[in-house]
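Side chains are part of it too, since the values below use all heavy atoms of this structure and drop only hydrogens, waters and symmetry mates.
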Amino acid sequence: LAAALTPLPAAAETVRIAVPTDPDSFDPHKSVAAATGEIAFNIYEGLVRAAPDGSIIPAVASDWEVRDDGTHYRFYLRDMFFHDGSPVREEDVVYSLDRLRDPDVSGRAEEYDAIETVEAGDGYVDVILKRPHGPFLASLAETAAAIIPEGADDLEQEPIGTGPYRFVHWRPNQDIRLERFDDHWSEDTPYFSDVVFAIYPDDNSAIMSLRSGQIHIIPRLEPALSHQVEADPSLEMIPGPMNLVQLLALNNDRAPFDNPDVRRALAKAVDRSEIIEGAAWGHGTPVFSGISPAMERYYAEDLESIHERNLEEAQRLLEQAGHEDLRFTLDLPAPYEIHVQTGEMIAQQLAAIGVEVELRIIEWGTWLERVYTQRDYDATVVGLAGRLDPHSVLVRYQTGSGRNFFNFSHNAYDDLIDRGMQAEDEERPAIYKEAQRILAEEAAAVFLMDPEQLAVTDGDIQGWHNYPVYVIDAASLHR
């Protein structure tokens with residue numbers, strides 16, 4: 001963390017940051033929304049955390065050792081405090097990791113099922129794995145793996161962590177306020193004394209507030225509005241890779257999308273270039289499978305030919321599947337204009353092959369509950385945030401995964417994901433590239449683009465960091 005914080009003198013100032021929607025829950029073991037993680041990054045810390053370059057750096061643990069062929073991790077703990085003033089104990093770490101992998105509590109439990117036991121020592125904690133698990137350290141850098149006080153209550157509304165900022169209040173549909181935590185272990189004091197995450201579902205309103213000084217940063221501007229910023233010399237736009245995969249998700253468990261040929265037909269009918277120009281104003285990179293080119297080491301580069309646009313072939317596939325008169329409903333999440341615009345363009349493009357799409361715009365909470373949790377939908381457009389390790393990205397398509405809202409199932413794919421978890425580091429890229437090929441060939445979804453992240457500041461704010469994960473690092477900001 002020290003490398004990410006500014007050495008400038010602390011100020012009694014507030015920085016106001018626009019975000020599009022409320023968190024779903026501040027309980028790190030229950031939250032599933034990326035919109036929560038970007039704020040919670042400032043409140044919570046795990047044993048380790050992500051650096052801007054994607055590396056894993058110490059946090060609650062000052063150091064660690066790996067023993068027994070990668071099945072025994074010993075984490076040495078810092079002398080440090082939670083936001084409520086209580087010291088961080090070995091028992092808190094054991095409690096947090098046990099709670100994280102309890103399926104009755106955590107929505108992410110399955111991602112940590114490689115853990116056999118967590119045991120407290122004197123100044124350290126031992127984590128014993130059932131088997132070698134390549135993405136283990138990266139998974140501990142997730143907000144989900146935050147260390148919390150043993151027995152803490154009501155974390156959903158009043159989070160208690162160890163991060164550089166502590167929670168003050170959350171006013172739904174208005175704002176979330178954090179204040180500087182002066183007892184942070186790093187002893188590097190953030191410049192701003194307070195951070196307010198203000199809810200702005202509409203980027204036009206956010207731009208107006210940025211110009212008037214009511215807010216200071218828009219972390220992720222909708223690309224369609226980029227021209228407004230570029231024409232304003234008082235504002236600064238900072239582009240960077242988002243490491244996100246935007247896609248047209250199809251419910252593989254619901255007819256007609258249980259037929260791979262129907263999914264392939266839609267994949268061949270969309271025009272990614274047109275979508276990037278129209279919905280992202282050219283600020284995006286086409287993708288053809290489940291990993292963004294931002295994950296360069298693991299990205300499969302040779303998949304474009306599988307779903308090159310071909311309307312005749314798309315129509316042939318639909319006729320072959322007996323669905324030449326295809327109709328379906330496309331649910332679009334209201335707070336995300338880029339996804340709404342993409343869905344509107346897809347509906348127009350699919351009309352060229354006789355497919356009729358009913359657009360239905362729904363609130364984010366409804367999307368999370370009905371589409372993501374209950375999987376009660378035909379199709380949707382959404383962006384899936386990248387992770388530090390490819391396993392955490394691609395496991396969401398594995399049969400039985402709680403994050404597999406596509407309901408995709410493929411035996412060979414499942415085997416590859418299992419192999420990738422246990423493989424040696426040098427073997428993992430080839431395994432995950434083959435897994436991506438299966439996703440493309442089976443059209444598990446229609447993969448569209450990685451939109452460029454466009455952060456906008458009032459021109460006076462410095463220290464913005466683009467991370468390969470979906471976070472906002474308020475502690476690095478200064479004037």
Side-chain angles (χ1 to χ4, degrees), residues 1-2 4-5 10 23 25-31 36-50 56-64 73-102 105-106 108 112 118-127 139-170 176-190 192-197 471-476:
L1 177 67
L5 295 177
S25 164
F26 270 123
D27 188 324
H29 304 149
K30 296 180 179 179
S31 171
T36 302
E38 66 178 351
I39 299 172
F41 180 79
N42 300 281
I43 302 171
Y44 290 117
E45 294 171 313
L47 290 166
V48 296
R49 62 182 288 156
I56 307 296
I57 59 176
V60 173
S62 60
D63 199 2
W64 59 87
Y73 285 74
R74 174 164 291 182
F75 295 95
Y76 297 95
L77 306 186
R78 300 180 190 276
D79 291 328
M80 58 186 295
F81 297 92
F82 288 110
H83 295 155
D84 64 359
S86 62
V88 176
R89 306 168 301 136
E90 296 85 353
E91 290 78 10
D92 296 312
V93 177
V94 173
Y95 169 78
S96 299
L97 296 185
D98 282 347
R99 186 175 186 265
L100 168 63
R101 58 199 186 94
D102 180 353
V105 174
S106 171
R108 304 279 291 276
Y112 297 87
V118 185
E119 303 166 1
D122 184 9
Y124 64 86
V125 169
D126 285 332
V127 181
S139 71
L140 292 184
E142 302 272 355
T143 302
I147 303 304
I148 59 175
E150 184 177 8
D153 294 326
D154 198 24
L155 291 173
E156 295 188 10
Q157 299 292 325
E158 297 186 7
I160 301 172
T162 63
Y165 285 94
R166 62 184 173 191
F167 178 83
V168 177
H169 71 229
W170 173 12
I176 299 98
R177 178 177 286 272
L178 313 180
E179 66 180 8
R180 190 164 51 206
F181 181 46
D182 291 329
D183 291 326
H184 189 261
W185 58 265
S186 69
E187 299 182 357
D188 286 321
T189 305
F192 289 103
S193 60
D194 296 89
V195 183
V196 173
F197 293 93
V471 300
I472 297 171
D473 183 359
S476 69

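- Listed by chain and residue number, Asp126 satisfy the side-chain hydrogen bond (donor to acceptor under 3.5 Å, both in side chains) test with Arg74 (two or more places apart in sequence, or in another chain).
- Within the model, atoms OG of Ser96 and CD of Glu150 stand 8.5 Å from one another, a figure rounded to the nearest 0.5 Å.
- By the 30° and 60° cut-offs, the orientation of the rings of Phe181 relative to His184 is perpendicular.
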- Taking it one step at a time, do Tyr73 and Leu140 satisfy side-chain contact (heavy atoms from CB on, under 4.5 Å)? CA-CA 12 Å; Tyr73 285 74; Leu140 292 184; over 6 Å; no
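- Between the CG atom in Leu155 and the CD1 atom in Ile148 there is a gap of 5.0 Å [rounded to 0.5 Å].
- Taking the side-chain hydrogen bond (donor to acceptor under 3.5 Å, both in side chains) definition, one finds that Asp194 meets it with nothing, sequence neighbours left out.
- Side-chain contact between Thr143 and Thr36 is absent, with no heavy atoms from C-beta onward closer than 4.5 Å.
- Here the side chains of Asp473 and Phe41 are in contact, with some heavy-atom distance below 4.5 Å.
- Considering only heavy atoms from C-beta on, Thr162 stays 4.5 Å or farther from Ile147 through its side chain.
- Taking 4.5 Å as the limit, some side-chain heavy atom of Val48 sits within range of a side-chain heavy atom of Trp64.
- Phe26 is linked by a ring pair (Phe, Tyr, Trp, His ring centres under 6.0 Å) to Phe167, Trp170, counting only residues two or more places apart in sequence or in another chain.
- Contact check for Leu47 versus Leu77: side-chain heavy atoms found under the 4.5 Å cut-off.
- Judged by distance alone, the side chain of Glu90 and the main-chain N or O of Gly123 form a donor-acceptor pair under 3.5 Å.
- Proximity of Leu97 to Tyr112: side-chain heavy atoms (C-beta onward) are nowhere separated by under 4.5 Å.
- The side-chain contact (heavy atoms from CB on, under 4.5 Å) test with His29 is passed by exactly one of Arg99, Arg108, Arg101: Arg99.
- Side-chain N or O atoms of Asp98 include none that pairs as donor or acceptor with a backbone N or O of Tyr95 at under 3.5 Å.
- Between Trp185 and Glu45 the shortest side-chain heavy-atom distance falls below 4.5 Å.
- Residues Pro190 and Ala10 come closest through the heavy atom pair O-CB, 3.7 Å.
- Salt bridge status for Asp92 with Arg89: present, with a side-chain N to carboxylate O gap under 4.0 Å.
- Listed by first and then second residue, the salt bridge (Lys or Arg N to Asp or Glu O under 4.0 Å) pairs involving residues 152-164 are Lys30-Glu156 (not counting sequence neighbours).
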Identify every side-chain donor-acceptor pair in residues 78-85 under 3.5 Å, counting partners at least two apart or on other chains, and give the distances.
| unit_1 | atom_1 | unit_2 | atom_2 | d |
| --- | --- | --- | --- | --- |
| Arg78 | NE | Ala59 | O | 2.4 |
| His83 | ND1 | Gly161 | N | 3.3 |
| His83 | ND1 | Gly161 | O | 3.4 |
| His83 | NE2 | Gly163 | N | 3.2 |
| His83 | NE2 | Gly163 | O | 2.9 |
| His83 | NE2 | Tyr165 | O | 3.3 |
| Asp84 | OD1 | Ser86 | N | 3.0 |
| Asp84 | OD1 | Ser86 | OG | 2.7 |

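- Arg180 contributes no side-chain N or O that, together with a main-chain N or O of Thr189, makes up a donor-acceptor pair within less than 3.5 Å.
- The two residues Ala145 and Ser139 make their nearest non-hydrogen contact at CB-O, 3.7 Å.
- Legend: residues meeting side-chain hydrogen bond (donor to acceptor under 3.5 Å, both in side chains) with Glu119, ordered by chain and number and at least two apart, are Thr117.
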